[in-house]
Participant: 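Below is the structure I would like to discuss, written out as structure tokens.
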Amino acid sequence: MQKILLPLLLLNLLLSANAKATPETQLQPLQPLLSQVTNQHPILQQVLANAEPYRLQIIYTRIDRDTDNRPNLTYYQFGLDDSRYFYPASTVKLPIALLALEWLAEQNIVGLNADTTMLTDAATDWQTAQATDPTSASGFPSITQYIKKILLVSDNDGSNRLYELLGQDFINQRLAAKGLNHSLINHRLSVPLTAEQNRQFNPVRFIDTKGKPILALPERSTNQHYINADKPTLGKAYIKGTELVNSPMDFTDKNRLSLTDFDGVIKRVIFPQLFSEQQRFNLTPKDRTLLLRYMAMLPPDSVNPLYDAKQYPDNYSKFLLFGGKAQQIPPHIRIFNKTGWAYGHIIDGAYIVDLQQQIEFFVTAVIYANENDTLNDDLYQTNEVALPFLRQLGEYLYQHELQRPRQHKPDLSEISRITASGAEVE
């Protein structure tokens, strides 16, 4: 079987040479701004003082509007290194959701849209089927419902179903074509399958409200092997079953999404006009609105599914600015983001908006909180270090944005319109 590494790299080089330069090409150091951190943010100060064990990477982006409300971005980075592998965890769900909507827009079939019933069948004894969804208003699964659960509570099954719909070839070739050069998605999440099984994709059917077929996709597979060429490893040891293995864990066959690419995915959603058409996600206005609405919605505001506010509080998946103990998020704050956490990595990428103060900025960060450098032992410092760090990083940059002079206040009417009602009405 052929490994797809070199073709992808060549494709990326060709596309990069022909595409319009993106804002990511210019980054300034973030250290001067972070050097002003005080004891008011002790965890932030502690991590910055000894960042290496935390494998810290940060991208902070300042937004300045011109007289026509067009955004101009200034990028700042701390520890950014796209060659330094970290496990992206659930952050890969965002590009999967975007590509599902892009795939949908390209089908151009009457009756096929994000709300159409999507049935997943099983072609092997290890595949699982999905014919109903009691959490949806209709009682059936759909692309909308999967994306909603992905963005509200980082649902694994929803992401896996969209992965099975698209397949590895579509996902990875589209990401490469968009100039996302350090991305690889080649497995389902939280399902113990082999690499070969992850190269096989379930049959999928779309039907109308009367059960009439609209589109049927057979069982599919790929012969390509999408792997990490640098054969990354993490940790000094890991738990396999009940056994401690005293060697680094191999991530050659695992997903990859560098911080630059993750940050770029979020910016392609928020400001698609800053990227060439080739590099954007091809979304209809309706689908983009759907995505933005659920990126910002809080779990307690959802009706279908209905989430328990104690288990899923406002800040359940809003780490930057609000990570840590359960708390409410002020109604004038909107956070369009995606988080991930696994193997000691805690990640968040967010577009943060204060409608009251009329400020907006981007932050994307990853921190590795694993003091003993052992994977799968669940002895990570998530609550002690990672979440307080991301909260304090967001707080510090938010305060900086409040004080920073702006020549033009942003017109945030689109954000206000998309997230107007807060709570969902169905």
Side-chain angles (χ1 to χ4, degrees), residues 88-107 112-116 118 120 130 133 135-136 141-175 177-178 180 183-191 201-202 204 206 255-257 261-270 272 275 279-299 302 304-305 316-318 335-341 347-351 364 418-419 424:
S90 293
T91 61
V92 301
K93 296 172 184 176
L94 180 57
I96 289 174
L98 284 160
L99 289 171
L101 292 173
E102 180 169 290
W103 173 89
L104 184 66
E106 293 173 359
Q107 301 312 301
L112 181 62
N113 56 56
D115 296 317
T116 303
M118 173 182 158
T120 302
Q130 188 74 47
D133 185 347
T135 72
S136 73
S142 66
I143 289 177
T144 290
Q145 190 68 5
Y146 285 140
I147 289 176
K148 183 178 179 181
K149 293 191 288 186
I150 287 168
L151 296 176
L152 283 171
V153 297
S154 203
D155 184 72
N156 284 327
D157 180 69
S159 180
N160 291 342
R161 296 307 180 184
L162 297 183
Y163 169 91
E164 292 162 353
L165 169 68
L166 301 175
Q168 288 180 11
D169 291 337
F170 183 91
I171 292 171
N172 290 303
Q173 290 170 19
R174 287 300 174 96
L175 293 177
K178 296 180 193 306
L180 298 165
S183 300
L184 179 71
I185 300 177
N186 60 3
H187 63 83
R188 299 164 177 86
L189 297 174
S190 296
V191 181
F201 317 109
N202 304 40
V204 177
F206 291 90
N255 292 336
R256 189 184 204 118
L257 186 63
D261 283 5
F262 180 37
D263 184 75
V265 169
I266 294 170
K267 289 186 170 75
R268 283 164 171 79
V269 177
I270 305 300
F275 298 83
Q279 293 175 322
R280 299 175 196 171
F281 289 91
N282 179 25
L283 307 182
T284 67
K286 182 179 178 181
D287 287 344
R288 179 173 175 269
T289 296
L290 177 152
L291 190 89
L292 288 170
R293 178 163 174 74
Y294 293 131
M295 283 180 76
M297 183 179 284
L298 308 176
S302 171
N304 293 299
Y316 175 77
S317 193
K318 306 294 183 186
I335 302 177
F336 299 81
N337 77 313
K338 185 68 193 80
T339 59
W341 58 97
I347 314 151
D348 196 357
Y351 169 59
T364 307
I418 289 172
T419 60
E424 190 171 34

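Numbers here are sequence positions counted from 1.
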Participant: So, does R256 use its side chain to make a donor-acceptor pair with the main chain of L184 at under 3.5 Å?
Facilitator: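 Such a contact is absent between R256 side chain and L184 backbone.
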Participant: Which atom names give the shortest non-hydrogen contact between G340 and T91, and what distance separates them?
Facilitator: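 The pair with the smallest heavy-atom distance is N-CG2, 3.9 Å.
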Participant: Measure the spacing between CD1 of I143 and CG of L162 and express it to the nearest 0.5 Å.
Facilitator: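 The CG atom of L162 is 6.5 Å from CD1 of I143, to the nearest 0.5 Å.
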Participant: Among L283, D287, I418, L151, exactly one meets side chain to side chain contact (heavy atoms under 4.5 Å, CB included) together with L292. Which residue is that?
Facilitator: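 Going through L283, D287, I418, L151 one by one, the side chain to side chain contact (heavy atoms under 4.5 Å, CB included) with L292 is satisfied by I418 alone.
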Participant: At their closest point, which heavy atom of P272 faces which heavy atom of R280, and how far apart are they?
Facilitator: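 Minimum heavy-atom separation between P272 and R280: O-NE, 2.9 Å.
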Participant: Rounded to the nearest 0.5 Å, how far does CG of L101 lie from CG of L291?
Facilitator: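 The CG atom of L291 sits 6.0 Å away from the CG atom of L101.
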Participant: Verify side-chain contact (heavy atoms from CB on, under 4.5 Å) between Q130 and N202, making sure each step is shown before the conclusion.
Facilitator: CA-CA 10 Å; Q130 188 74 47; N202 304 40; over 6 Å; no
Participant: Say you draw a straight line from CG of L257 to CG of L180; how long is it, rounded to the nearest 0.5 Å?
Facilitator: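 These two atoms lie 7.5 Å from each other.
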Participant: Rounded to the nearest 0.5 Å, how far apart are CG of D133 and CE of M118?
Facilitator: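 Answer for the CG-CE pair, D133 versus M118, is 11.0 Å.
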Participant: Would you say the side-chain atoms of S302 pair up with the backbone N or O of P299, donor to acceptor, closer than 3.5 Å?
Facilitator: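 Not at all, since once roles are kept as given, no pair shorter than 3.5 Å links the two residues.
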Participant: Give me the atom names and distance for the closest heavy-atom approach of I270 to R288.
Facilitator: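 Minimum heavy-atom contact is O-NH2, 3.0 Å.
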Participant: Would you kindly say whether D115 and S142 are connected by a side-chain donor-acceptor distance under 3.5 Å?
Facilitator: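 Judged by distance alone, the side chains do not pair up.
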Participant: Quick one, K178 with L98, criterion side-chain contact (heavy atoms from CB on, under 4.5 Å). Give me CA distance, side-chain angles, the key distance, then yes/no.
Facilitator: CA-CA 12 Å; K178 296 180 193 306; L98 284 160; over 6 Å; no
Participant: Examine the side chains of S90 and S154 and answer whether a donor and an acceptor come within less than 3.5 Å of each other.
Facilitator: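 Looking only at side-chain atoms, S154 and S90 do form a donor-acceptor pair, the distance falling under 3.5 Å.
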Participant: Side chains of Q168 and Y163, heavy atoms from C-beta outward: is any pair under 4.5 Å?
Facilitator: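 SC-SC contact between Q168 and Y163 confirmed.
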Participant: Do you know which two heavy atoms are closest between G158 and Y146, and how far apart they sit?
Facilitator: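 Residues G158 and Y146, closest heavy atoms: CA-CD2, 3.5 Å.
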Participant: Assess whether side-chain contact (heavy atoms from CB on, under 4.5 Å) is satisfied between K149 and Y294, documenting all intermediate values.
Facilitator: CA-CA 9 Å; K149 293 191 288 186; Y294 293 131; over 6 Å; no
Participant: Give every residue pair that meets the salt bridge (charged side-chain N to carboxylate O under 4.0 Å, His left out) criterion with at least one member in residues 151-171, sequence neighbours excluded.
Facilitator: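 Residue pairs with at least one partner in residues 151-171: D157-R161, R161-E164, E164-R188.
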Participant: For I150 and K338, which heavy atoms make the closest approach, and how far apart are they?
Facilitator: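 Looking at all heavy atoms of both residues, the shortest contact is O-CE, 3.8 Å.
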Participant: Taking side-chain hydrogen bond (donor to acceptor under 3.5 Å, both in side chains) as the test, write out the residues that go with N160, two or more places apart.
Facilitator: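 Partners of N160 by the side-chain hydrogen bond (donor to acceptor under 3.5 Å, both in side chains) criterion come out as none, since no residue qualifies.
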Participant: Any chance the side chains of D261 and S183 put a donor and an acceptor closer than 3.5 Å?
Facilitator: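 Short answer, yes.
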Participant: Would you check if P141 and T120 make a side-chain contact, meaning some heavy-atom pair closer than 4.5 Å?
Facilitator: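 A side-chain contact is absent here, since even the closest heavy-atom pair is not under 4.5 Å.
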Participant: Roughly how far apart are K286 NZ and T289 OG1, rounded to 0.5 Å?
Facilitator: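 It comes to 10.0 Å.
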Participant: Does the side chain of T419 come within less than 4.5 Å of F336's, by heavy atoms?
Facilitator: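 Yes, their side chains come closer than 4.5 Å.
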Participant: Decide yes or no for Y316 and L298: does some side-chain heavy atom of the first lie under 4.5 Å from some side-chain heavy atom of the second?
Facilitator: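 A side-chain contact is absent here, since even the closest heavy-atom pair is not under 4.5 Å.
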Participant: Check whether any side-chain N or O of N255 sits under 3.5 Å from a backbone N or O of N186 as a donor-acceptor pair, and report yes or no.
Facilitator: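 Yes; judged by distance alone, with no hydrogens or angles, the pair exists.
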Participant: Does any non-hydrogen side-chain atom of L175 lie less than 4.5 Å from one of L99?
Facilitator: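 Heavy-atom side-chain distance check passes, below 4.5 Å.
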Participant: Is it the case that the side chain of R268 and the backbone of Q279 share a donor-acceptor pair, with hydrogens and angles ignored and the cut-off at 3.5 Å?
Facilitator: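 At least one qualifying donor-acceptor pair exists.
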Participant: Should F206 and L165 be marked as a side-chain contact (heavy atoms from CB on, under 4.5 Å) after you check the CA-CA gap, both sets of side-chain angles, and the distance that decides it?
Facilitator: CA-CA 11 Å; F206 291 90; L165 169 68; 3.9 Å; yes
Participant: For residues N337 and I266, determine if any side-chain heavy atom of one lies less than 4.5 Å from a side-chain heavy atom of the other.
Facilitator: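 The answer is no, as the side chains (C-beta and beyond) never meet within the 4.5 Å cut-off.
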Participant: Specify the closest pair of heavy atoms between K93 and L189, including all atoms of both residues, with the distance to one decimal.
Facilitator: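 Closest pair (atom of K93, atom of L189, distance): CE-CD1, 3.3 Å.
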